[in-house]
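The structure appears below as structure tokens.
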Amino acid sequence: MNVINEFINYSTELIINGGLIIGIILIILESFFPILPLGVMVALITNAYGLLFGILISWLSNCTGCYLTYLIFYHLSKKNTHKFLPTKVKEKVESGTQKFKKISLPSLVAIITLPFTPSFVINILAGVSKMSKKKYLVAIGIGKVFMISFWAYIGKSFIESMHDLKTIIAIFLMILFAYIISKIVSRKLNIE
């Protein structure tokens with residue numbers, strides 16, 4: 001336990017003393033390399049800069065990384081990169097990406113809001129399927145604020161939090177709230 005406290009104190013001091021840029025870069029890179037622990041980085045930034053500023057910085061960084069990943073795969077898919085696949089595989093890929101492209105905004109937001117959804121996969125699918133930039137940006141903007149808030153508030157292990165009924169209820173309410181907001185935004189902006 002003492003080692004964990006030392007790590008948290010050291011990491012927090014590092015971020016306070018000029019490491020915020022490193023934290024931001026790591027959160028952006030997490031969108032490309034899902035092995036990086038987003039929850040730990042968000043918790044450390046929040047611990048160093050406070051809840052609201054920590055959530056804001058982490059949210060902006062994560063949305064930036066997700067959008068960059070989306071753009072890369074959006075532009076790669078324009079080059080018809082899967083033309084070299086066997087016909088049956090190519091058909092399945094195209095069918096799957098078209099289904100993903102047609103997912104409703106509220107459903108996409110709900111998926112993004114889940115803290116353990118692999119955002120790397122969502123970013124790639126959105127890019128390859130050529131999902132509209134407007135729909136994708138609205139979805140990550142709404143969904144990621146709740147997902148980042150989850151990591152900022154939790155700051156403890158998944159196993160511990162899943163034994164806490166309050167945490168389970170809070171997760172459910174955040175997903176429900178994100179879904180409702182996305183339904184309203186979907187109607188207002190006419191996004192489907």
Side-chain angles (χ1 to χ4, degrees), residues 3-74 100 107-128 131 136-164 166-168 170-179 181-182:
V3 172
I4 294 171
N5 288 335
E6 288 294 322
F7 172 75
I8 291 170
N9 291 336
Y10 174 77
S11 300
T12 302
E13 283 298 316
L14 179 68
I15 290 171
I16 289 172
N17 295 324
L20 179 61
I21 299 300
I22 293 169
I24 290 169
I25 290 169
L26 287 174
I27 289 176
I28 290 171
L29 287 176
E30 186 274 338
S31 299
F32 295 92
F33 307 106
I35 196 164
L36 294 172
L38 178 64
V40 172
M41 292 180 282
V42 171
L44 289 173
I45 289 173
T46 302
N47 189 40
Y49 291 99
L51 190 63
L52 291 179
F53 188 68
I55 288 173
L56 178 65
I57 291 297
S58 300
W59 173 69
L60 289 171
S61 303
N62 193 240
C63 286
T64 300
C66 288
Y67 189 59
L68 290 172
T69 307
Y70 162 84
L71 286 175
I72 288 168
F73 284 91
Y74 185 89
F100 186 79
S107 296
L108 182 60
V109 169
I111 291 168
I112 291 169
T113 302
L114 294 170
F116 299 100
T117 299
S119 58
F120 181 74
V121 173
I122 302 297
N123 301 334
I124 291 173
L125 284 173
V128 170
M131 181 180 284
Y136 179 74
L137 284 171
V138 168
I140 63 167
I142 295 171
K144 290 293 183 178
V145 76
F146 291 98
M147 188 267 296
I148 293 293
S149 297
F150 167 82
W151 286 119
Y153 280 116
I154 296 305
K156 55 184 175 180
S157 77
F158 173 64
I159 294 169
E160 285 179 48
S161 65
M162 289 299 109
H163 292 322
D164 182 10
K166 290 178 186 176
T167 302
I168 294 169
I171 292 169
F172 174 77
L173 290 175
M174 281 195 286
I175 293 168
L176 180 63
F177 191 61
Y179 183 83
I181 289 173
S182 64

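What's counted below: heavy atoms across the whole structure, side chains too, no hydrogens, waters or symmetry copies.
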Inset, instruction - Evaluate the side-chain proximity of I112 to M147: yes if any heavy-atom separation is below 4.5 Å, no if none is. - result: no

Legend entry - Shortest non-hydrogen separation from L137 to Y67 and the atoms involved: CD2-CD1, 3.4 Å

Inset, instruction - Give a yes or no on whether the backbone of S119 and the side-chain of N123 come within a donor-acceptor separation of less than 3.5 Å. - result: yes

Legend entry - Contact summary for L51 and A152, nearest pair of heavy atoms: CD1-CB, 4.0 Å

Legend entry - Side-chain donor or acceptor of W59 paired with backbone N/O of G141 under 3.5 Å: yes

Inset, instruction - Taking all heavy atoms of I24 and all of I45, pick out the closest pair and write down the distance. - result: N-CD1, 4.4 Å

Inset, instruction - Could you tell me which non-hydrogen atom of A139 sits nearest to which non-hydrogen atom of L108, and how far apart they are? - result: CB-CD2, 3.5 Å

Inset, instruction - Over all heavy atoms of both residues, which pair between A126 and Y136 is shortest? Give the atoms and the distance, please. - result: CB-CD1, 3.5 Å

Legend entry - Partner set under side-chain contact (heavy atoms from CB on, under 4.5 Å) for L114, not counting sequence neighbours: T117, I175

Inset, instruction - May I ask you to check whether over 12 heavy atoms, not counting those of F32, lie within 6.0 Å of atom CZ? - result: yes

Legend entry - Side chain Y70, main chain M131, donor-acceptor under 3.5 Å: yes

Inset, instruction - List the atom of I27, the atom of S61, and the distance in Å for their closest heavy-atom pair. - result: CG2-CB, 3.5 Å

Inset, instruction - With rounding to the nearest 0.5 Å, note down the distance linking SG in C66 to CD1 in I124. - result: 11.0 Å

Inset, instruction - Taking the side chain as every heavy atom from C-beta outward, state whether I181 and V109 have any atom pair closer than 4.5 Å. - result: no

Legend entry - Gap between atom OH of Y49 and atom CD1 of I55 - 0.5 Å precision: 16.0 Å

Under 3.5 Å, which donor-acceptor pairs do the side chains of residues 34-43 form with other protein atoms, sequence neighbours left out?
none

Inset, instruction - Could you grab the distance from atom CD1 of I140 to atom OG1 of T64, nearest 0.5 Å is fine? - result: 8.0 Å

Legend entry - Distance in Å, L26 CG paired with S31 OG, rounded so as to fall on 0.5 Å steps: 11.5 Å

Legend entry - Gap between atom CG of L68 and atom CG of L29 - 0.5 Å precision: 10.0 Å

